[in-house]
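Accompanying notes for the structure given below.
Sequence lines set the chain letters: A, B, ... in the order given, protein chains first and strands last, and positions in each chain run from 1. Only a predicted model underlies this, so the values are computations on that prediction, with no experimental measurement involved.
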Amino acid sequence: MKRPRLIYSWQAIPKVLLVAELLFMEKRQNSRSRNVFDSLMSEERIFKNREALSSTFVPSEFPHRNDEINDFANILKPALYGARPSNILIYGQTGTGKTAVTKYISDQIMQKAAKENKKIHTAYINCKQTNTPYGVLTNIGKTYSSEWEDVIPHAGWRIDKVYAALKQKADDNGGIAIVVLDEIDALVSKNGDDILYHLTGLNSDLNNSKISLIGISNDTKFTSWLDPRVKSRLGEESLTFAPYNAIQIEEILAQRATLAFKDNIVEPLVLSYCASKAAQEHGDARKALDLLRISAELAERDNREIVTAKYVIKAQSVMEKDQVRSIITTLPIHHKATLASTIVNQGKRENGQQTTGEVYSTYKQICKLFNLEDLSQRRISNVISELDMQGLIHAKIVSLGRQGRTKFISVAINENQIQELFAEDIELSDIIEELTRSGTYIRSTQMRLI
DNA sequence: AATCCACAGGAAGTGCTGGGCG
DNA sequence: CGCCCAGCACTTCCTGTGGATT
């Protein structure tokens, strides 16, 4: 395969390096004894404990989740008597506390088991990160001992060998293993339900141990894809986490704010503002916590001692921009080329909407210009769907009668943001620059973009 | 009602990489 | 060293589809 060739603005690089080096030398001479972090670390004005606002923080109390915690604990209780708890499926939209509550319950049962001298193991697997049967099985194995990682290579073994090794390990160690499969839908959509079929059937192969599964999903319809046998085995019990309303989110924020901030740092309005913003987004408490954290960080950067609503507004735009930036900079080259074609084509049609075929033909011209080997239309059709899912473009399936069935595609990010991002992203700006130079594209669009 | 368009998107296959095993 | 396996990105082939047009 041909390597993607890109024309970097290499002339600029030596200049930038030179200026940076000169500035650095000057600084080095002027302040040899001073460290740049000295002034920054002199005093924490706002935060007492930043961690309390992070998405991975597991608090000791969960406002408005007492019922769920009680139900959860009741289902897992048999583990403390040496019996296998039912498998559980947990549903709820993002930011409803599913993962945090599950981690909390896992910690609690481990503590209790240690006190009562019971053998309970817990594993937490995020199926979006570990989304292969091989990875899931090895991660479950780690539940029993940390050396397992050294025993099982991260690739190479046949899957049934890993499965057999896991069975052996489980029986050698005994006890009850509680395995949490977070974002379980990602595992199923990628691999089918084979892996769940084997996992849910694992207990019948075990003599000296038992495994219970906790599946977490934000897609309530995900079980409809499952084999009926897997469905009934996995969903022995189910719990649903309803979205929080604005008042509940505000209470959660207030609880975390007392842990995270020093006293009287946050304007009361700030919490309700963050809460109402997050409540609009389907009661996502995680979003509210992020918004609060970033608002406080911005206030801190401005050397303020109080977080005002002004910073929440600022934080909101920072969050949106950062999200888009991080997505774009990490896109593979063909995704960037596809995005560039939609941007360049925007305006070709009166309503700004273009079809898959139009995007593909522009994409092919881009590949030609950059000496990239072009991918098939089938693949680019998938790339378009991926970009749509990432929120960079809008793609809507439409039927144009005799003109066939296609997607109407438009760019989802605003023009100012595009210009800023183009200036930052060498690959994207190169593509557009080259298109302008070649002069084969819609001039009106280029004039707006460059 | 039949036809036809321009794809959508599922399924199966390919080629490659990175690993283990005998 | 050659073979086997899992995983990934992609291609090829195929069937399905909604609605304007005939």
Considering only heavy side-chain atoms of Arg158(A), the closest of dC5(C), dC10(C), dA8(B) is dC5(C)
note: Asp374(A), atom CG; dT12(C), atom C1'; distance rounded to Å ~ 15 Å
Give a yes/no on whether any side-chain N or O of Thr355(A) is located under 4.0 angstrom from OP1 or OP2 of dC7(B).
yes
key: Polar side chain donor-acceptor pair, Asp182(A) to Tyr124(A), under 3.5 angstrom   = yes
Any side-chain N or O of Lys161(A) under 4.0 Å from OP1/OP2 of dC21(B)?
yes
Taking dC7(B), dG9(B), dC21(B) as options, the one with an atom nearest any side-chain atom of Arg405(A) is dC7(B)
query = With a 3.5 Å cut-off and no angle check, do the side chains of Lys119(A) and Ser209(A) form a donor-acceptor pair?
reply = no
Between Arg378(A) and Gly357(A), the residue closer to the 5' end of DNA chain B by nearest nucleotide is Gly357(A)
task: Considering only NZ, NE, NH1 and NH2 on the basic side and carboxylate oxygens on the acidic side, decide whether Arg325(A) and Asp322(A) come within less than 4.0 Å.
output: yes
Separation of dC5(C) atom C1' from Trp157(A) atom CH2, nearest Å, is 13 Å
Out of dG7(C), dG9(B), dG20(B), minimum distance to the side chain of Lys407(A) belongs to dG9(B)
Against the side chain of Ser399(A), the closest entry in dT17(C), dG9(B), dG19(C) is dG19(C)
Arg379(A) CZ to dG9(B) P, in whole Å, measures 14 Å
Rounded to whole Å, CG of Leu400(A) lies from P of dT17(C) at a distance of 18 Å
field: Distance-only donor-acceptor test, Arg402(A) side-chain atoms vs dT3(B) base atoms, 3.5 Å
entry: yes
Here the distance between atom C1' of dG15(B) and atom CD of Glu373(A), to the nearest Å, is 13 Å
Does either side chain, that of Gln354(A) or that of Asn345(A), offer a donor lying less than 3.5 Å from an acceptor on the other one?
yes
Ranking dG7(C), dT12(C), dA8(B) by distance to the side chain of Thr132(A), first place goes to dG7(C)
- Query: Any side-chain N or O of Ser376(A) under 4.0 Å from OP1/OP2 of dT11(C)?
  - Reply: yes
Ranking dC7(B), dG9(B), dT11(C) by distance to the side chain of Leu375(A), first place goes to dT11(C)
Separation of dG9(B) atom C1' from Asp388(A) atom CG, nearest Å, is 15 Å
Rounded to whole Å, CZ of Phe408(A) lies from P of dC7(B) at a distance of 11 Å
message: For the residue pair Asp172(A) / Gln168(A), report whether a side-chain donor-acceptor contact shorter than 3.5 Å exists.
response: yes
Considering only heavy side-chain atoms of Thr356(A), the closest of dC7(B), dG9(B), dT12(C) is dC7(B)
Whole-Å distance, Lys396(A) NZ to dA6(B) P, equals 20 Å
